[in-house]
Protein chains: 2
Amino acid sequence: MATQPDAGAKAREPLSRERVLRAAVALADEGGAESLSMRRLARELGVVPMALYKHVANKDEMLDGMVDVVVGEIDPPVADIDWKPAVRRRVLSARRALLRHPWAPGVLESRTNPTPAVLAYMESMIGMFRAGGFSIDLTHHAIHAMGSRLFGFTQELFDDTADAGAAPDPEVVRALAAFPHITELMLAITHDQSSVVGPGCDDQLEFEFALDLLLDGLERLRDRA
Amino acid sequence: MATQPDAGAKAREPLSRERVLRAAVALADEGGAESLSMRRLARELGVVPMALYKHVANKDEMLDGMVDVVVGEIDPPVADIDWKPAVRRRVLSARRALLRHPWAPGVLESRTNPTPAVLAYMESMIGMFRAGGFSIDLTHHAIHAMGSRLFGFTQELFDDTADAGAAPDPEVVRALAAFPHITELMLAITHDQSSVVGPGCDDQLEFEFALDLLLDGLERLRDRA
DNA sequence: ACCTGAACACCGTTCAAGT
DNA sequence: ACCTGAACACCGTTCAAGT
């Protein structure tokens with residue numbers, strides 16, 4: 001019994017590419033990218049592993065499809081507004097979409113070739129800069145300077161979001177003694193944000209700060225030219 | 001014979017944590033992160049897989065160690081210069097170290113807890129901003145705004161570096177017809193850089209452009225406060 | 001006490017055998 | 001022609017049996 005495919009509620013309707021992708025996204029949403037395996041996904045769908053390969057070429061191509069599902073959730077551009085708020089709003093919409101799917105940044109970064117939805121999104125963003133009076137060259141620099149921020153995320157290399165309420169681990173305290181600047185920074189953050197619900201460091205605030213820093217800098221370069 | 005551990009030249013001296021890490025870095029340098037498995041590494045060292053676990057707790061902890069090897073290759077800070085060239089030079093040194101180990105950005109991003117060398121590097125970089133007259137708050141914003149650029153890399157989401165010499169793939173040309181802005185951008189790049197050896201898009205130039213954009217923007221914010 | 005072979009619980013994907 | 005069970009060539013790690 002345990003080894004048999006689980007013929008659950010959703011097992012009846014026939015498999016399709018879309019159903020495979022939707023199930024894969026759901027599975028990754030629940031358990032993260034590392035819990036998404038072809039075998040596990042097949043079990044979830046009440047299907048033998050090989051059945052998936054009728055609808056996706058292989059796991060990599062399935063991940064491409066999943067990326068396009070998420071990128072497809074980004075709101076369309078708002079028309080008839082200036083380039084800066086246009087870019088800003090679209091990037092923040094992308095951020096909301098990606099935050100709904102925590103596995104998406106990692107998977108997006110792992111793709112070697114851009115998927116159709118990613119290309120369409122880039123096309124649209126490039127168009128916003130061009131419409132805002134940016135030269136081709138400066139637009140190119142801008143796209144690179146934005147990097148993954150264009151898609152609403154940044155890879156945080158070390159986790160600021162210390163739990164302000166938690167008792168400080170003596171192990172951690174001893175380790176941090178060797179790093180006075182880091183300690184100072186973390187203490188300042190948790191103190192400043194003590195009135196804020198949740199983590200000690202507001203990622204959304206930091207994201208918008210850097211986004212505006214870049215957009216303002218790019219605008220200045222455009223005006224100088 | 002094929003199934004026996006390969007007792008090669010380097011098989012004689014006893015295993016140590018350092019030897020394991022050096023071999024792991026070398027293996028990843030050659031074949032990329034995905035070719036680094038505990039079993040393959042053991043074979044390379046002429047040793048049974050389980051022997052590795054005497055020197056590293058598990059694969060994750062080994063990856064931590066590898067990160068510290070690479071971060072340890074970053075040049076120490078240059079003393080007695082202004083904060084901006086100090087940060088700039090250190091970041092570009094970090095970039096050179098990471099470019100020597102193409103697997104390092106991905107592995108660095110996959111770490112959940114900062115390793116000792118990473119903490120020491122952050123401590124030093126934070127100190128540079130503080131010495132440059134940045135408030136704790138602005139320093140905190142700066143660290144976030146820099147993101148992985150502090151370590152000399154940015155995750156490129158789609159590969160600009162088209163081979164200018166290669167014949168255009170008709171498949172690609174047809175696909176790009178739907179994206180005129182992207183096409184325009186790529187044509188402009190390959191044309192402008194036609195005198196440059198190598199890829200159509202100079203990543204180093206783009207990296208330094210964005211780095212200076214950020215550092216200039218941060219300086220302006222510091223002066224305004 | 002130390003070391004290690006076999007085993008466990010997985011992978012993604014191929015392929016030949018079954019309907 | 002379609003579908004799928006078994007098999008292949010791997011993983012990281014545990015554990016008990018051997019020295």
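Note that the coordinates shown come from a computational prediction; the quantities given were computed from them, not determined experimentally. Only heavy atoms go into these numbers, but all of them, side chains included; no hydrogens, no water, no symmetry mates. Chain A is the first sequence line, chain B the second, and so forth, proteins listed ahead of strands; every chain is numbered from 1.
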Checklist entry - According to the Watson-Crick and G-U wobble definitions, with both distances under 3.5 Å, which nucleotide is paired to C:dA17? => result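 Pair assignment: C:dA17 / none.
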Item to check | Watson-Crick/G-U partner (both atom distances under 3.5 Å) of C:dC11 | outcome: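 Matched C:dC11 with nothing under the 3.5 Å cut-off.
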Next on the checklist: Over 60° means perpendicular and under 30° means parallel, so tell me whether B:Y121 and B:F151 are parallel, tilted or perpendicular.
Outcome noted: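 It falls in the tilted class, 30° to 60°.
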Once you round it to whole Å, what is the distance between [atom2] of [N] and [atom1] of [X]?
X     : N      : atom1 : atom2 : answer
B:N58 : D:dC11 : CG    : C1'   : 14 Å
B:L15 : C:dC2  : CG    : C1'   : 15 Å
B:L41 : D:dC10 : CG    : P     : 16 Å
B:K59 : D:dC11 : NZ    : P     : 9 Å
A:Y53 : C:dT14 : OH    : C1'   : 10 Å
A:M38 : D:dC11 : CE    : P     : 20 Å
B:K54 : D:dT14 : NZ    : P     : 12 Å
A:L52 : C:dG12 : CG    : P     : 10 Å

Next on the checklist: Suppose you measure atom C1' in C:dC11 against the same atom in D:dC8; what distance do you get, rounded to whole Å?
Outcome noted: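 To the nearest whole Å, 12 Å.
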Checklist entry - What interatomic distance, in whole Å, is found between P of C:dA9 and the corresponding atom of D:dC10? => result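 These two P atoms come out 22 Å apart once rounded.
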Next on the checklist: Just so I know, are the side chains of B:L63 and B:L36 near enough to count as touching, which here means a heavy-atom distance under 4.5 Å?
Outcome noted: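 Yes; the side chains approach each other to less than 4.5 Å.
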Checklist entry - Is the count of non-hydrogen atoms from other residues, nucleotides or ligands lying under 6.0 Å from B:R100 atom CZ greater than 12? => result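 More than 12 heavy atoms, drawn from other residues, nucleotides or ligands, come within 6.0 Å of this atom.
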Checklist entry - Under 6.0 Å from the CD atom of B:E18, do we count more than 12 heavy atoms belonging to anything else shown? => result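 Count not over threshold, so no.
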Checklist entry - Between A:S35 and A:M50, who's closer to the 5' end of DNA chain C by nearest nucleotide? => result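 On the 5' side of the pair lies A:S35.
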Give the nucleotide from the list [options] with an atom nearest to the side chain of [X].
X     : options               : value
B:R40 : C:dT4, D:dT13, D:dC11 : D:dC11
B:R39 : D:dG12, C:dT13, D:dG5 : D:dG12
A:S37 : C:dA7, C:dT4, C:dC11  : C:dC11

Item to check | Pair A:R89 + A:D75: basic N to acidic O under 4.0 Å | outcome: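 The answer is no: the pair does not qualify as a salt bridge.
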